[in-house]
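Below you'll find the structure, written out as structure tokens, and then a few comments.
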Amino acid sequence: MKIAFCYPDPAATAWFEELRAALPEAEWEDWSADPTPGPGRSGRAEYAVAWAPPQAFIDLHPALKVLLNIGAGVDALMKLRLPASLMLVRLDDAGMAVQMAEYVCHYLIRHVREFDQFQTAARSGQWQQGRPTDRADHPVGIMGLGVLGERVAQAVRQFEFPVLGWSRLPKQVEGVRCFHGQGQLNDFLSATRVLVCLLPLTPETRDLLGQATLSRLRPGGYLINVARGGLLVEEDLIRLIDSGHLAGAALDVFRTEPLPAGHPFWSHPAIQVTPHISARTLRRDSITQIAGKIRALRRGESVAGVVEWERGY
Ligand code: NAP
Ligand code: GLV
């Protein structure tokens, strides 16, 4: 079995060595630094392990049957011309779900408990308690009840916030008021105050978070976007915050990454920016999962995380 590896990342060599150690029965070819044929790169691999590979990598592998994505989101792959027969398999969880739960709970609690305001007051030596907040006034709506969204919903429930969820198809999740489809989107939004986005970026979800949707959130709404920047119409968010309808946002993902210098998000007092770190891809967990899936597929077994072409995730 030949496996082509393509990961444009400074840690690519370490990944390659650990993948080789995890699946020593395979012949590995590293295309990360140089996506052209050459010594050690035959172009005959049937399996690939890759993250956001260039089109040339796909075109130079006509025998490719399965591509294992080094991440949960497959939107970068979906931009490429891929053979219809290719099986795309994404990471499911692999240590990301608990990180996502940490990130969302951190920004949710920091916002609702007004910890930034307390810190600012403390810096100027002020002892200001204010009124206690009522978590019942902060229903948390989670868009996307998949592998990550469900884990986040469980974590948020632990803090006794009302939790709502929205998915494409009907779902039942314990302790979560579930909504689904376009038909129930407005009801979901108008019952939500803190909106957490964990949807994949697809043609259906691109630009979904804009004036029409965000303005339906309860007054004083707050957005936590940990999915993809392409879901959010950035200027609509700023307008809704500046008009006072939304209280602010915590954003981990952006239409352009890295977020360009001078972008208004950097300096907006109500917007917290992090550099796409809400759930890091963990090398050991990911390699264990990828190696397990390749072995299972070779035995003819089914694996979790197979992307459905028509739905785009
Ligand atoms: P997943 O398991 O595929 O879950 C996706 C969820 O979104 C499902 O509940 C799905 O509904 C729902 N959904 C998809 N399209 C929809 C639509 N048009 N309308 C309503 N609901 C829709 O994905 P995941 O593993 O939880 O990951 C979610 C996303 O998080 C990834 O695609 C990636 O972009 C992002 N992510 C970000 C980071 C980061 O560091 N910032 C890290 C990892 C992942 P159904 O349940 O009905 O299918
Ligand atoms: C990271 O953003 C991922 O999709 O895994």
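- Enclosure of atom CZ in Arg81 is not indicated, since only 12 or fewer non-hydrogen atoms of other residues, nucleotides or ligands lie within 6.0 angstrom.
- With hydrogens and angles disregarded, no donor-acceptor distance shorter than 3.5 Å links the side chain of Arg151 to the backbone of Met100.
- With salt bridges taken as basic N to acidic carboxylate O contacts below 4.0 Å, none links Arg255 and Glu234.
- In this structure, OG1 in Thr202 is found 10.5 Å from CZ in Arg311, a value given to the nearest 0.5 Å.
- A 4.5 Å side-chain heavy-atom check between Ile277 and Gln99 finds every atom pair outside the cut-off.
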Given side chain to side chain contact (heavy atoms under 4.5 Å, CB included), test Lys293 with Asp92 step by step and report yes or no.
-> CA-CA 11 Å; Lys293 284 182 174 178; Asp92 58 310; 2.8 Å; yes
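- Counting only distance, with no hydrogens or angles, the side chain of Glu29 and the backbone of Ser42 share a donor-acceptor pair below 3.5 Å.
- In this structure, Arg135 contributes its side chain and Phe159 its backbone to a donor-acceptor pair below 3.5 Å.
- Checked by atom type and distance alone, the side chain of Glu46 never pairs as donor or acceptor with a backbone atom of Met1 at under 3.5 Å.
- Shown here for Trp51 and Gly71, the closest heavy-atom pair between the two residues is CZ3-CA, 3.7 Å.
- Classification of Asp187 and Arg177 as a salt-bridged pair fails, no side-chain N sitting under 4.0 Å from a carboxylate O.
- A distance-only check finds a donor-acceptor pair linking the side chain of His245 to the backbone of Leu217 [under 3.5 Å].
- At distances below 3.5 Å, not a single donor-acceptor pair connects side-chain atoms of Trp166 with backbone N or O atoms of Cys178.
- You'll find the side chain of Thr133 stays beyond 4.5 Å of the side chain of Asp137, heavy atoms only.
- Taking 4.5 Å as the limit, some side-chain heavy atom of Arg218 sits within range of a side-chain heavy atom of Pro139.
- For the pair Gln119 (side chain) and Phe115 (backbone), a donor-acceptor distance under 3.5 Å is absent.
- If you chain together hydrophobic residues whose side chains sit under 4.5 Å apart, Ile109 and Ile142 fall into the same group.
- Each ring pair (Phe, Tyr, Trp, His ring centres under 6.0 Å) pair with one or both residues in residues 283-304, not counting sequence neighbours, would appear here, but there are none.
- To the nearest 0.5 angstrom, Arg168 atom CZ is 7.0 Å from Glu204 atom CD.
- In this structure, Val176 and Gly165 approach most closely via the heavy-atom pair CG1-N, 3.5 Å.
- Within the structure, the ring pair (Phe, Tyr, Trp, His ring centres under 6.0 Å) test picks out no pair touching residues 292-313 (sequence neighbours left out).
- Here the straight-line distance linking atom CG of Leu240 with atom CG of Leu246 works out to 5.0 Å at 0.5 Å rounding.
- Side-chain contact between Pro8 and Pro54 is absent, with no heavy atoms from C-beta onward closer than 4.5 Å.
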Side chain to side chain contact (heavy atoms under 4.5 Å, CB included) between Leu232 and Leu223, intermediate numbers included = CA-CA 10 Å; Leu232 176 65; Leu223 171 69; 3.9 Å; yes
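- For Gln126, the CD atom sits in a packed shell: over 12 heavy atoms of surrounding residues, nucleotides or ligands are nearer than 6.0 Å.
- No option in Asn225, Thr274, Leu201 other than Asn225 meets the side chain to side chain contact (heavy atoms under 4.5 Å, CB included) test with Val253.
- Ile70 and Val303 fall within a single hydrophobic cluster, where Ile, Leu, Val, Met, Phe, Trp and Tyr side chains are chained together by heavy-atom contacts under 4.5 Å.
- Atom CG of Leu23 and atom CD1 of Ile290 lie 9.5 Å apart (nearest 0.5 Å).
- Put simply, the side chain of Ile3 does not reach to within 4.5 Å of the side chain of Leu19, judged on heavy atoms.
- In terms of modelled atom types and a separation under 3.5 Å, the side chain of Thr205 and the main chain of Pro200 share a donor-acceptor contact.
- A 4.5 Å side-chain heavy-atom check between Leu108 and Val196 finds every atom pair outside the cut-off.
- Taking the charged nitrogens against the carboxylate oxygens, Asp285 and Arg280 have no contact shorter than 4.0 Å, which rules out a salt bridge.
- Salt bridge status for Arg228 with Asp75: present, with a side-chain N to carboxylate O gap under 4.0 Å.
- Contact annotation: the side chain of Val152 never approaches that of Tyr103 to less than 4.5 Å [non-hydrogen atoms, C-beta and beyond].
- Annotation for Glu301 and Leu297: closest pair O-CD2, 3.7 Å, computed over non-hydrogen atoms.
- Between the NE2 atom in His276 and the OG atom in Ser278 there is a gap of 6.0 Å [rounded to 0.5 Å].
- Side chain of Trp266 to backbone of Pro260: a donor-acceptor contact under 3.5 angstrom is found.
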Apply side chain to side chain contact (heavy atoms under 4.5 Å, CB included) to Leu251 and Leu237, showing your working.
-> CA-CA 11 Å; Leu251 306 175; Leu237 173 69; 3.9 Å; yes
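- Nearest approach of Asn69 to Arg90, heavy atoms of both residues: CB-CA, 4.1 Å.
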Do Ile224 and His111 pass the side chain to side chain contact (heavy atoms under 4.5 Å, CB included) test, and can you show the C-alpha distance, the side-chain angles, and the key distance before you say yes or no?
-> CA-CA 10 Å; Ile224 302 178; His111 166 64; over 6 Å; no
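- A donor-acceptor pair is defined here as one N or O able to donate and one able to accept, closer than 3.5 Å; no such pair exists between the side chain of Asp252 and the backbone of Val226.
- By the rule that hydrophobic residues join a cluster once side-chain heavy atoms approach within less than 4.5 Å of another member, Leu60 and Leu67 end up as members of one cluster.
- Within the 4.5 Å cutoff, side-chain heavy atoms of Gln211 are placed close to those of Ser215.
- Open room surrounds CD on Glu174; 12 or fewer heavy atoms of other groups in view lie less than 6.0 Å from it.
- Between Gly220 and Ala247 the shortest heavy-atom distance is O-CB, 3.7 Å.
- Within 6.0 Å of CZ on Arg216 lie no more than 12 heavy atoms contributed by other residues, nucleotides or ligands.
- A salt bridge between Glu150 and Lys171 is present, with a side-chain N of the basic residue lying under 4.0 Å from a carboxylate O of the acidic one.
- Linking Ile, Leu, Val, Met, Phe, Trp and Tyr residues whenever their side-chain heavy atoms come within less than 4.5 Å places Val89 and Trp28 in a single cluster.
- Using the six-membered ring where Trp is involved, Tyr7 and Phe5 have ring planes that are perpendicular, over 60° apart on the 30 and 60° scheme.
- Once rounded to the nearest 0.5 Å, the distance linking OG1 of Thr213 with CZ of Phe188 reads 10.5 Å.
- When hydrophobic clusters are built by joining Ile, Leu, Val, Met, Phe, Trp and Tyr residues whose side-chain heavy atoms come closer than 4.5 Å, directly or via intermediates, Val140 is grouped together with Val173.
- In terms of heavy atoms, Ala48 sits closest to Leu64 at CB-CD1, 3.7 Å.
- Classification of the Phe254-Phe265 ring pair by plane angle, with boundaries at 30° and 60°, yields tilted.
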